[in-house]
Structure formats: structure tokens, C-alpha cells
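Lettering follows sequence order; numbering is per chain, from 1.
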2 protein chains.
Amino acid sequence: MTQFSEVVMALDLGPLDSHVGYLLRRAQLAVFADILPSLAEHDVSPADYAVLTVIDRNPGAGQSQVAETLGIQKTNFVPLIRRMEARGLVLRAPSPTDRRSVALSLTAAGEALLARLHAAAQAHIDRVRDHLGADRYDALLEPLQRLASVSRPS
Amino acid sequence: MTQFSEVVMALDLGPLDSHVGYLLRRAQLAVFADILPSLAEHDVSPADYAVLTVIDRNPGAGQSQVAETLGIQKTNFVPLIRRMEARGLVLRAPSPTDRRSVALSLTAAGEALLARLHAAAQAHIDRVRDHLGADRYDALLEPLQRLASVSRPS
DNA sequence: TATTGTTATACTCTATAACTATA
DNA sequence: TATAGTTATAGAGTATAACAATA
């Protein structure tokens, strides 16, 4: 093996190779790249999947509540949720207690799709865990939860 | 403390609260939000900072080599590097060995700015480490490096 | 006055196709 | 034929301003 083989020499990342922000970004892209095709089969984005999951767990919650929980601005949430309604996955009903608010819930079709998405997500998580090894995977989750729970500016 | 105080009840995330992809995304956004203002003071984006760092560590490297190292498409790299050249931070010289290639290096101004950026980055990393605690921070880096080093499709 | 949902709009990031000049 | 750099362009994702209806 010569010093400069046909294999392209990777450049030196310098301090980036232990920069938590850089590593988080690259890791997020790699992990998303793994689950993206499974979701795309159902014409669903990661944001869509998260929204369906939260509505399922919190039926009757309002749009802005769901949006804020996921860090999505209410203004950007409108086309997303309207598309899901148009697809027959989500029901948008007037709130009985607040006439400004729209209560969200999943339709039967939405529940059925979500079940399939959860299965795909679990298979994806298993791949990530296998790739990392159980010990490294387990060590990862707690610090990530701590960072992820940092409240963003409202 | 009543069950439903004025504090808005956070909705249930369901399986998302331990979904590695969701946590990576939220964690990345939180960490970026911390360093963003420091970089913005110098009119520098996270991508700019990464590019300057890699050029500094690999003077003479070509555009596409630097771009690929950072997961940036060469086509999107053009306006980024041209802006840095226009700001007098980066030198784009014809490669002596390959007339197709542009050899990148930092100017004195680029080196000076990068030193200030590295200082800001270190302060940021210290904040993240303090927030997490040294043990959780240390546990985080190795699995992240493993995930971040997954080669993306060329 | 504040909040829910809405429209319109702009800006950044990222992706694709096609080209040139070199190798 | 393949690669380095380029242009043009299109699509996401995200951001701000302003508004109507309701609290």
C-alpha cells in the first residue's frame, strides 16, 4: 500500500472531528438518510411522521400546540396539516371549548398508516443500534435527550 | 401545583422521546442555536466556519475535495467559496499540477478570522459541556463520531 | 390585549441538469 | 471517458409581517 493510493485521501478535519455541533449535524444527516426511503415509500417526511405521532398520542390537541411541541412554526404548519387532511389521514374539527382552535385527530386511515410507519421506524432504529453497538447506542440517548429538551426561543 | 397550571402542558411525544433521529435533529438545532450568534457577529455561517477550518488544515486542497470532505455538493460550494474570496479570506490559485483544479488557501485575514472563530467555538463547546456535565458530554462524542463517519452516497 | 389560525412572501439550503476545459 | 469547476434553476425548509376571528 503506497502512501498515495488511488483511494482519495480524506482531508484533515482539524478540531471539527471532535466538535459536537459538527458531529451532531453529520450524524443527523446520516441517520435521516437511513430512514428517509422507508418514509418516502408512503409519501411521508420526517416532519409528517412526527406530527402523526404527536396527534395520535394527543387527540384533540390544537394545531399550534402540536406545532410548538415539535418546534414547527404555526405558519409553516398550515400547509403540512392541510395536506394530511386532504390525504384523509387527519381530521380537523372545531374545538368544542375554543372556537378559534382546531382540534386534531387521526382518521382510521391515519392510524393504519402510522402503524406501518412505526414498524419502519423500529426497523430503522434497530439498524442504527446494530451499527453503533448496543453499548454506544445506549450511551447516546441520554445526552441527546438532555440537549434536545433545551427550550428554544418562543 | 394544580394538574393544569398556567404553564402550557407539553404534549406527549410518544416514541419520539427516544427516537434517535428525532433527538439528533432537536439536539443539533439547540446546539447550533447556541453558537450561531457568535459566528453571525463575524458574518460567518456554520458551513463557512467548517470550510475555513478544513482549508487551514489542508492548504492547497482543491475545491471539490474540500466540498466533499464536508458533505457539500461542489455546485453549492461555488458561491460559498467565491464569497470568501471576495471577502479576502480565501485565496483561489490555479493548481500547479492540474490545470482544472483550484488550490485553496487562507489569506492572513482568513487566518486571523479563523483564530477568533476557534475561540468562539471553544467557548461554545464549553457551554455545551457545562450544560450536559462532563460525563454525559464525553459519552456523547464517540457514538456521534461513529454515526458521522458513515459515508454518504457520492 | 393576547391567542388561533391564516395568507403572502422572502430567504437559505439543498438537489439536478447541462456545460467547459482539462485529464 | 472521467474529473474540476461552473451556471442556471428548482425544490425543500424556515422566517417575518400582517390579518380576521375569537378569547
Between [atom2] on [N] and [atom1] on [X], what's the gap in Å once rounded to a whole number?
X	N	atom1	atom2	answer
B/Glu68	D/dT3	CD	C1'	12 Å
A/Phe77	D/dT16	CZ	C1'	20 Å
B/Gln63	D/dT7	CD	P	10 Å
B/Arg100	D/dA4	CZ	P	6 Å
A/Asn76	D/dA17	CG	P	14 Å

Legend entry - Set of salt bridge (Lys or Arg N to Asp or Glu O under 4.0 Å) partners for A/Arg116, sequence neighbours left out: none
One thing to verify: whether [Y] and [X] come together as a salt bridge, which I'm taking to mean a side-chain N less than 4.0 angstrom from a carboxylate O.
X	Y	answer
B/Asp43	B/Arg83	yes
B/Arg136	A/Glu142	yes
A/Arg87	A/Asp48	no

Legend entry - Single-linkage hydrophobic cluster, 4.5 Å side-chain cutoff, B/Phe32 and A/Phe32 together: no
Legend entry - Outermost nucleotides of DNA chain C that come under 4.0 Å of a non-hydrogen atom of chain B: C/dT14 to C/dA23
Inset, instruction - Please report the shortest heavy-atom distance between B/Val66 and B/Ala61, naming the atom on each side. - result: CG2-CB, 4.0 Å
Inset, instruction - May I ask you to say what B/Gln73 touches in the nucleic acid, namely base, sugar-phosphate or nothing, with a heavy-atom cut-off under 4.0 Å? - result: base
Inset, instruction - Remember a base hit wins even if backbone is also touched, and classify A/Asp98 as base, sugar-phosphate or nothing at under 4.0 Å, heavy atoms. - result: sugar-phosphate
Legend entry - Whichever of A/Val78 and A/Arg25 has its nearest DNA chain C nucleotide further upstream toward 5': A/Val78
Inset, instruction - May I ask you to evaluate whether A/Arg99 reaches the phosphate of D/dA21, defined as a side-chain N or O under 4.0 Å from OP1 or OP2? - result: no
Legend entry - NE2-NE2 distance between B/His19 and A/His124, expressed to the nearest 0.5 angstrom: 4.0 Å
Inset, instruction - Check every atom of D/dG5, D/dA23, D/dT16 against the side chain of A/Thr75 and return the nucleotide holding the closest atom. - result: D/dT16
Inset, instruction - Consider the side chain of B/Arg92, meaning its heavy atoms from C-beta on, and name the nucleotide among D/dT7, D/dT6, D/dA23 that approaches it most closely. - result: D/dT6
Legend entry - Among A/Thr69, A/Val44, A/Leu70, side-chain contact (heavy atoms from CB on, under 4.5 Å) partner for A/Val51: A/Leu70
Legend entry - Nearest-nucleotide 5' precedence on DNA chain D, A/Ile72 against B/Ala103: B/Ala103
Legend entry - Aromatic ring proximity, centroids under 6.0 angstrom, B/Tyr49 and B/His118: yes
Legend entry - Interface with DNA chain D, restricted to residues 41-49 of chain B and to heavy atoms under 4.0 Å: none
